[in-house]
Amino acid sequence: MLDKRYDPKDIENKWYSFWTEKGYFKAEAKSEKPSYCIVIPPPNVTGSLHIGHALDVTLQDIMIRWKRMSGFNTLWLPGTDHAGIATQNVVEKDLKEKGTDRHDLGRDKFIEKVWEWKQSNGSTIINQLKTMGASCDWSRERFTLDEGLSAAVREVFVRLYDEGLIYRGEYLINWCPRCNTALSDLEVEHEDKDGKLYYIKYNLADGSGSLTVATTRPETFLGDTAVAVNPEDERYSGLIGKKVILPLIEREIEIIADEFVDSEFGTGAVKVTPAHDPNDFEMGKRHGLEFINILTGNGSMSEAAGPYKGQDRFECRKNVLKDLEDAGHLENTKDHDMSVGHCYRCRTIVEPFLSKQWFVKIKPLAEEAIKSVREGDVKIIPKGWENSYFDWMENIRDWCISRQIWWGHRIPVWYCQSCEEVLVSKDDPEKCKCGSTDLKQDEDVLDTWFSSALWPFSTLGWPDNTDDLNTFYPTSVLITGFDILFFWVARMMMMGLKFMGKRPFDHVYIHALVRDEHGQKMSKSKGNGIDPLEMTGRYGTDAFRFTLAAYAAQGRDIKFSEQRVEGYRHFLNKIWNVSRFISMNMEQIDKVIEGSEICREGSGIRLSLADRWILDRLASVCAETSSALGEYRFNDAASILYQFVWHELCDWYVELIKPVLYGEDAEAKAAAVSTLVHVFEIALSLLHPFMPFVTEELWQHLPCLRGGDSLCIRTYPTTADGLSDDKSHAEMEIVMDAITGIRSIRGELNIAPSLELKAVIQTAHGADAVLNENLLYISKLAKTSELVIGNDVSIPANAGTAVKDKMEIFVPLEGLVDVEAEIARLSKDLKKVEADIQFVEKKLANKNFVDKAPAAVLEETKTKQRDYAETALAIRENMAKLKQCSG
RNA sequence: GGGCGGGUAGCUCAGUUGGGAGAGCAUCGCCCUUACAAGGCGAGGGUCACAGGUUCGAGCCCUGUUCCGCCUACCA
């Protein structure tokens, strides 16, 4: 016998080991079955599971388990990302604590250290995925820096280079002075800040006056090589071509005219610093200006900064301002909102920095990726994200892919030290064309996202032509958060189309971001994160998973509330307990009838109304669940199942069959228990993708297993596992009306549930036959001692009443409650109905409505009018009778 | 600067072609009825942000306002 309460701990470990030992998660490289494949968004090896992963993994696992049960050759391919900068930062921090750094160690030793770190810590996140129940094929686990993937990276680099789509050049890029590396545009996070706009006065070289420029970064004036004004700006037209002298350092620069300058902004004159500002960079090129780099890689001032050399950039800003002020050159300071770029790995403010880097010429790749979505080859769900995708793709700029770090895919480019030759090669070259063996490989590594862009095919064996590749590419769906739509999804699109000639996935499902209660992104630095492992520990993985699924409405962020997890833990407990109830009653019958037999038309099994009703509901629920999952409506699927299991199966069906189970009719008992077992088994199957552990545990306790050794490979239910039956559905509703009617009278008048009541039901529209055939349901569920039912019954005078669709219910109150209370209750009801009547009659009095509304709507309204009138009349009569009694 | 999403019950959120607003939790009342008190039964609770418009009819469609969140941008 199961415990009274559900305790998830042991159960989760037990079944996860069982599944993996049996190899249920393993995909077949070749199969007759249709394939279904998801590649996991590889978490960083440095990472630990956060709630975003938890959501991501849960949704993927739901789809994978659903498809696996539905007969697909299913592959969920797991793995991790080497996360260049992040991982290097972690290991460097370790080294720092030990009083050393990577430069002391040297490149090879350092990389060795990182691999050591990876070996001992890299599986943390993988193990956490397992605790979430992820049914990945672990035999296919990949790492972005493993041998196969590295080969793919080199293949891609070389081919793009050969096609002229990869080039090297000196440009202004984003530089993180703390990580000491270039970053792509995407790796810079902008943050709005209340800044200042400083007005600096530059004297004209000829002594004829001065010119004032405005800037947010005053220290960059040290690198100014011009001042620009708009050619149309009459204020400055006489100054173009003249020179000004930079204060403090006394350098002469020219005043130039450029249309870029906005005369409205600041003073209309712009200081031009070509080596430290993207606009100025362009202007510098247009006008052939000098590029003076005033910074070093670590953010301190360079030789070119003259007296400020060696100062930190922010220290320098302070000093420059002070010196300018002292010299009378700081004319004004105004508040100015601006956005400042930060490194997405370490939050340090990034600098536009001139350096030699590798780039991907991306427009040609983007064009194909745009086309693919535009033409519906790849579907993005929800569709709203397509706009963002197009917008980004259409305005895309070349991708800086080189990083000045050590951990990553080293750029496969060698420079001959004897001649000028540049060798780009998949394999390490031994000698140059010139015969020299003195080759030096490029020091830089590739952007981590370069390798993850290849993930959907590199993990399946590419560039080799493998069975996996043939079977599983294109993959079925990519499930991820929108935060990496550009970083990753867009780039996979480009690379997949380019190198496979086919889309990487059929669907992209973009799920919400999990935020805290204030709608803030959860993050370590804010300390507002919810630890998923804490959730699984406290409530069990299944409850947590179900919560995430129930939250996952399309196109809306999740503001996570722990209370809701608690609610779903109660749901698990409910399921657990109905299972106990089933076990207890199993012994009542000799043999459980097979579900297939129960649901077979003409099987000859005598099913009760309740049996037929729950089987009808089951058929609908099977259909609705699958259709919701097919459209990625996870929250709908979850709530359909919740509603069905708790309220229909537990609250109604179990209660309805109790009288049969405790009765003497062996045949009815067998039918009821068998139906209960069947419906429960199907419900477990439907729920399994959402809550794999508890459903497996309970399924294993069921007597007649149809699907084999494990629920996770049982066939997913379809409508054929239920029995559609409109008639029973309609009849059951009549019975339920009678029960809820009596319960309502009892509840509102505070009559103890234990007290048995007499009830008189005046019926219409054939309800009498249905009710009379099902007296037992009503007497047990509504706790009645006597039931009088008919189209023409004698109505008790002093009674609580309820008016329903096809019946009027009377519960004699003699001695039970005071009549005044019931009159008060009825006048409340009457008020409600009278408002209804008013509402409907107003509509019908409107000529426009009668003329223009569709016939069906008009008819419905008229029917309502009649029904309301009847109800109101009945209530008034009942009140009158009560008043007579009391009066 | 541009774009996107949102403002629905005390809280967290659903609401799929426009026909009288729903769930879970919380609240209140009655119950320890032998699957479950992590439970059962019953009940209360909403000017669907605001203002216009289209329509016989608007939470839903259109316009504007406002508040919140996010994305994006070569905003000196």
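Residue numbers start from 1 in every chain, and the chains themselves are labelled A, B, ... in the order their sequence lines are given, proteins ahead of strands.
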At 4.0 Å (heavy atoms only), tell me whether T216(A) reaches a base, stays on the sugar-phosphate, or touches nothing. sugar-phosphate

Among the candidates C56(B), U33(B), A73(B), find the nucleotide nearest to the side-chain atoms of D192(A). A73(B)

Quick one: salt bridge (Lys or Arg N to Asp or Glu O under 4.0 Å) partners of D194(A), sequence neighbours excluded? none

Quick one: do the Y509(A) and Q554(A) side chains pair a donor with an acceptor below 3.5 Å? no

Expressed in whole Å, how much space separates the P atoms belonging to A76(B) and G18(B)? 46 Å

Using a cut-off of 4.0 Å on non-hydrogen atoms, how would the nucleic acid contact of Y662(A) be classed: base, sugar-phosphate, or nothing? sugar-phosphate

Identify whether any heavy atom of D851(A) sits under 4.0 Å from a base atom; if not, whether one sits that close to sugar-phosphate; answer base, sugar-phosphate or nothing. nothing

Testing A76(B), G44(B), C36(B) for proximity to the side chain of K832(A), the answer is G44(B)

Given C70(B), C75(B), A35(B), identify the nucleotide with an atom nearest to the side chain of R580(A). A35(B)

Inter-nucleotide C1' distance (A21(B), A58(B)), Å rounded: 13 Å

K864(A) side-chain N/O to G20(B) phosphate OP1/OP2 under 4.0 Å: yes

How about D262(A) and N230(A): does a side-chain donor come under 3.5 Å of a side-chain acceptor? no

Can you check whether H570(A) has a side-chain N or O nearer than 4.0 Å to OP1 or OP2 of G39(B)? yes

For the side chain of S744(A), starting at C-beta, report the closest nucleotide among A35(B), C56(B), G42(B). G42(B)

Taken to the nearest whole Å, CG/N750(A) to P/A43(B) is 12 Å

Rounded to whole Å, how long is the line connecting atom CZ of F486(A) with atom C1' of A73(B)? 12 Å

The side chain of T740(A) is closest to which nucleotide in this list: G42(B), G19(B), C30(B)? G42(B)

Nucleotide U27(B), atom C1' - distance to CD of Q563(A) in whole Å: 13 Å

Interatomic distance, F571(A) CZ vs A37(B) C1' [rounded to whole Å]: 19 Å

Rounded distance in Å - CD (E655(A)) to P (C31(B)): 19 Å

Is K842(A) touching bases, backbone alone, or none of the nucleic acid, heavy atoms closer than 4.0 Å? nothing

Sugar-phosphate, base or nothing in reach of T215(A), heavy atoms under 4.0 Å: sugar-phosphate

Of all the nucleotides listed (G39(B), G44(B), C75(B)), which has the minimum atom distance to the side chain of K828(A)? G44(B)

Give me the distance, rounded to whole Å, that separates C67(B) from C32(B) when you measure between the C1' atoms they each carry. 49 Å

Under the 6.0 Å and 45° cation-pi test, does R545(A) pair with F690(A)? no

What nucleic acid atoms does P352(A) come within less than 4.0 Å of, heavy atoms only: base, sugar-phosphate, or nothing? nothing

With a 4.0 Å cut-off on heavy atoms, is Y642(A) in touch with a base, just the backbone sugar-phosphate, or nothing at all? sugar-phosphate

Would you indicate what K847(A) reaches in the nucleic acid, counting non-hydrogen atoms under 4.0 angstrom: base, sugar-phosphate, or nothing? nothing

5′-ward residue of the pair P278(A)/K843(A) relative to RNA chain B: K843(A)

Just to be sure I understand the rule, does V213(A) reach a base, reach only the sugar-phosphate, or reach nothing, if contact means heavy atoms closer than 4.0 Å? nothing

Take atom P in G42(B) and the same atom in A23(B), then report the distance between them in whole Å. 13 Å

Any side-chain donor-acceptor pair under 3.5 Å between Y6(A) and N577(A)? no

Could you tell me whether E562(A) and R538(A) make a salt bridge, using a distance below 4.0 angstrom between a side-chain N and a carboxylate O? yes

Counting side-chain heavy atoms from CB outward, which of G40(B), A73(B), G42(B) is closest to S339(A)? A73(B)

So, OP1 or OP2 of C70(B): does either fall under 4.0 Å of a side-chain N or O from H190(A)? no

The answer to which of N848(A) and F260(A) contacts RNA chain B further toward the 5' end, by nearest nucleotide, is N848(A)

Quote, to the nearest angstrom, the P distance that separates U55(B) from G1(B). 35 Å

Taking only side-chain N and O atoms of W646(A), does any of them lie within less than 4.0 angstrom of OP1 or OP2 on G40(B)? yes

Could you tell me how far G64(B) sits from G45(B) if I compare only their P atoms? Round to whole Å. 37 Å

Would you mind classifying the nucleic acid contact of R397(A) as base, sugar-phosphate or nothing, using non-hydrogen atoms under 4.0 angstrom? sugar-phosphate

A14(B), C71(B), A35(B): which one has an atom nearest the side-chain heavy atoms of V654(A)? A35(B)

Can you tell me if E189(A) and Y344(A) form a side-chain donor-acceptor pair at under 3.5 Å? no

Quick check for you: among A14(B), C56(B), C31(B), whose closest atom lies nearest to any side-chain atom of D636(A)? A14(B)

Is Q838(A) atom CD crowded by more than 12 heavy atoms from other residues, nucleotides or ligands, each under 6.0 Å away? no

N395(A) near the nucleic acid: base, sugar-phosphate alone, or nothing, with a heavy-atom cut-off under 4.0 Å? nothing

Whether over 12 other heavy atoms sit under 6.0 Å from K658(A) NZ: yes

Quick one: look up who U66(B) pairs with, Watson-Crick or G-U, both distances under 3.5 Å, and put none if it's unpaired. G7(B)

Using the rule for Phe, Tyr, His and the six-membered ring of Trp, do W576(A) and A35(B) stack at under 5.5 Å and under 30°? no

Provide, to the nearest angstrom, the distance between the CG atom belonging to L698(A) and the C1' atom belonging to A35(B). 12 Å

Answer yes when K193(A) and D337(A) have at least one side-chain N-carboxylate O distance shorter than 4.0 Å, and no when they do not. no

Rounded to whole angstrom, note down the P distance from A49(B) over to U16(B). 15 Å

Just how far, in rounded Å, is P of A76(B) from CZ of F265(A)? 6 Å

Rounded to the nearest Å, what distance is computed from the NZ atom of residue K780(A) to the C1' atom of nucleotide G40(B)? 17 Å

Using a 4.0 Å heavy-atom cut-off, does V850(A) contact any base of the nucleic acid, only the sugar-phosphate backbone, or nothing at all? nothing

Under 4.0 Å, heavy atoms only, any strand: does E631(A) hit a base, just the sugar-phosphate, or nothing? nothing

Examine A35(B): is either OP1 or OP2 under 4.0 Å from a nitrogen or oxygen in the side chain of Y6(A)? Give yes or no. no

Checking contacts here: which listed nucleotide (G20(B), A76(B), U12(B)) is nearest the side-chain heavy atoms of Y551(A)? U12(B)

For the C1' atoms, the ones on G69(B) and on U54(B), what distance do you get once it is rounded to whole angstrom? 30 Å

So K574(A), base contact, sugar-phosphate only, or nothing? Heavy-atom distance under 4.0 Å. base

